[in-house]
There are 2 protein chains.
Amino acid sequence: MVAAQRSEELSRSTEDYLKAIYQLEESGGSAQTSAIADLLAIAPPSVSGMIKRLSEVGLLEHVPYKGVQLTPKGRRAALKMVRRHRILETYLMEKLGYDWDSVHAEAERLEHAVSDELIERMAMALGNPRYDPHGAPIPTVSGEVEQLDHVPLVDIPVGETAELRMVSDEDPERLRFIASLGLRPGVAFRVVGRQPFHGPVTIRVAGASRDQVVGYELARGLYCVIVPEEVG
Amino acid sequence: MVAAQRSEELSRSTEDYLKAIYQLEESGGSAQTSAIADLLAIAPPSVSGMIKRLSEVGLLEHVPYKGVQLTPKGRRAALKMVRRHRILETYLMEKLGYDWDSVHAEAERLEHAVSDELIERMAMALGNPRYDPHGAPIPTVSGEVEQLDHVPLVDIPVGETAELRMVSDEDPERLRFIASLGLRPGVAFRVVGRQPFHGPVTIRVAGASRDQVVGYELARGLYCVIVPEEVG
DNA sequence: AGCTATTATTAGGATCGGTTAAATTCTTTA
DNA sequence: TAAAGAATTTAACCGATCCTAATAATAGCT
Ligand SMILES: [Mn+2]
Ligand SMILES: [Mn+2]
Ligand SMILES: [Mn+2]
Ligand SMILES: [Mn+2]
């Protein structure tokens, strides 16, 4: 007589699976078992098992041996988690003085414990931000996400001016290194050189004393927009 | 090569058990199986099972058929959770506009997901508060708790002036009702009447338009200090 | 087309934290 | 002090989520 209304209380595991599958769908078609396993650091058979359960409750569409897709219901749940995660990261940085390299781990746990009300209060306190500290768009309450088409730094021609917009948030060391180069979302720079064969890119950050060399692997994960050259 | 340092990652259940046992020890000797079961809304055999596990890892001392006691290690862990819980409640009220009747449920979940760092940042942002919104003392980082000897409202003689200091925080409806009487920790009042046979207490809140009648059951959970009569 | 390497699933098992029903121990009362 | 009653523990079981080893399906290469 107390509970029983919402059977839609998802477990922590379930929420992380849905979020992972969402991420995989974002960056290329459907989500493979092994990709999910990699992302969650879990053995593939465990993923097979969870896929079965999530399909049974209508959160996933599973084509055996092919992969899995979120149903509308699954996508809604995933987007809710993404919103939570990104609001949390933003709040921790803006209101509690966290560094951008440490918010991800904290948000990864908190996202499962927080109520809708808390997230909306945080969002309100932040002025309903549209991007998280790493530049990722924050889904709205109703589940819409801005679709951004960014260019990886490695694909920007030499001579162009660009602005960093988004960075993967999962590796703290990587984030610290990026920051040490003077880079953050919003920072503009000019691409002054690029070596062939997956070589490094050289950039000149606006107002910086000297050029920075960015390795290929790193530059592949720096998502930018090309800024039209200023006239004059 | 990644983890393996701290085997002391306690589960959510474990943390709630330790906190419950701590509370029971606070208010009278040792913690009985059935009392723990009641507090956590769990069947007694489940508690027996958990007690066995927690004893094996040295968090509890168990005398079969008698009860349990926290070991120093268990007490440390429990106090850590109490600190988390109370800092969270305070933060939610002070910084995010929660009402005092809704913070408990939120803190009950969050306490298991936050890091030490987050709690200390919140405590800092609050100016290291000593009491939570319900008047309960917040343990220090090193695990000390202020020992308060409050008098339940039912035990205050008629004619005395007293100040409300602490209120049980678990029932939102009860909290809303208490607030509707004009009562909060810090509010002073005079006891102007008390009926025998567990009857209600009548109080006159300083600056209020009319007297309030407080039922016995409620008054038993309003913890106060008697204020020496002002001279003149 | 057939073989092989990769990927996914199934089989079987562990642990955790919960349940109910039955047995046991403690306590209280006649 | 013996029996009844209350509290506790044990037994047997379940679902969720993970694991490893074995099996099956798919995809890529000659
Ligand atoms: Mn993140
Ligand atoms: Mn997570
Ligand atoms: Mn509380
Ligand atoms: Mn809790």
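It should be emphasised that the depicted structure is a prediction, and the values quoted were computed from it without experimental measurement. Throughout, protein chains are lettered first and strands after them, A, B, ... in sequence-line order, and every chain is numbered starting at 1.
To the nearest angstrom, P of C:dC26 lies 13 Å from CD of B:Gln32. Going from atom CD1 of A:Ile51 over to atom P of D:dC18 covers 12 Å, rounded to whole Å. What separates CD of A:Glu56 from P of D:dT17 is a distance of 12 Å, to the nearest Å. A:His112 places its NE2 atom 12 Å from the P atom of D:dT17, with the value rounded to the nearest Å. Separating the NZ atom of A:Lys52 from the P atom of C:dT9 is a distance of 9 Å, rounded to the nearest angstrom. A straight line from CG of B:Leu54 to C1' of C:dG17 spans 11 Å, rounded to a whole angstrom.
B:Arg53 has no side-chain polar atom (N or O) that falls below the 4.0 Å cut-off from OP1 or OP2 of C:dC16. Contact annotation: B:Ser11 side-chain N/O to C:dC16 OP1/OP2 distance is not under 4.0 Å. Residue B:Tyr65 places no side-chain N or O under 4.0 Å from the OP1 or OP2 atom of C:dA23. An OP1 or OP2 oxygen of D:dC18 is reached within less than 4.0 angstrom by a side-chain nitrogen or oxygen of A:Ser13. Under 4.0 angstrom from either OP1 or OP2 of C:dC16 there lies no side-chain N or O belonging to B:Tyr17. Under 4.0 angstrom from either OP1 or OP2 of C:dA8 there lies no side-chain N or O belonging to A:His62. Put simply, A:Thr33 has a side-chain N or O that comes within less than 4.0 Å of OP1 or OP2 on C:dT9. Considering only side-chain N and O atoms, A:Lys66 lies nowhere under 4.0 angstrom from the phosphate OP1 or OP2 of C:dT7.
Checked by atom type, the side-chain pair A:Glu89/A:Tyr98 shows no donor-acceptor distance below 3.5 Å. With 3.5 Å as the limit, one finds no donor-acceptor pair spanning the side chains of A:Ser115 and A:Glu117.
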Show your working on salt bridge (Lys or Arg N to Asp or Glu O under 4.0 Å) between B:Arg83 and B:Glu111 and close with a plain yes or no. CA-CA 9 Å; B:Arg83 175 172 172 81; B:Glu111 61 191 3; over 6 Å; no
Check the pair B:His104, B:His85 against ring pair (Phe, Tyr, Trp, His ring centres under 6.0 Å), reporting the backbone distance first and the verdict last. CA-CA 8 Å; B:His104 178 77; B:His85 185 97; 4.7 Å; yes
Side chain to side chain contact (heavy atoms under 4.5 Å, CB included) assessment of B:Ile21 paired with B:Leu60: CA-CA 9 Å; B:Ile21 293 164; B:Leu60 298 180; 3.7 Å; yes
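A:Ser48 comes within 4.0 angstrom of a nucleotide base, judged by non-hydrogen atoms across all strands. In this structure, A:Ser46 reaches the bases: a heavy-atom distance under 4.0 Å links it to at least one base atom across the strands shown.
In the set D:dC18, C:dT20, C:dT10, D:dC18 carries the atom at the smallest distance from any side-chain atom of A:Met50. Among C:dT9, C:dA8, D:dT9, the nucleotide with an atom closest to any side-chain atom of A:Pro44 is C:dT9.
Annotation: of the two residues near DNA chain C, B:Ile42 and A:Pro64, the 5′-most nearest-nucleotide partner is A:Pro64. The nearest heavy atom of DNA chain D to B:Ala35 and to A:Arg12 marks one nucleotide each, and the one closer to the 5' end goes with B:Ala35.
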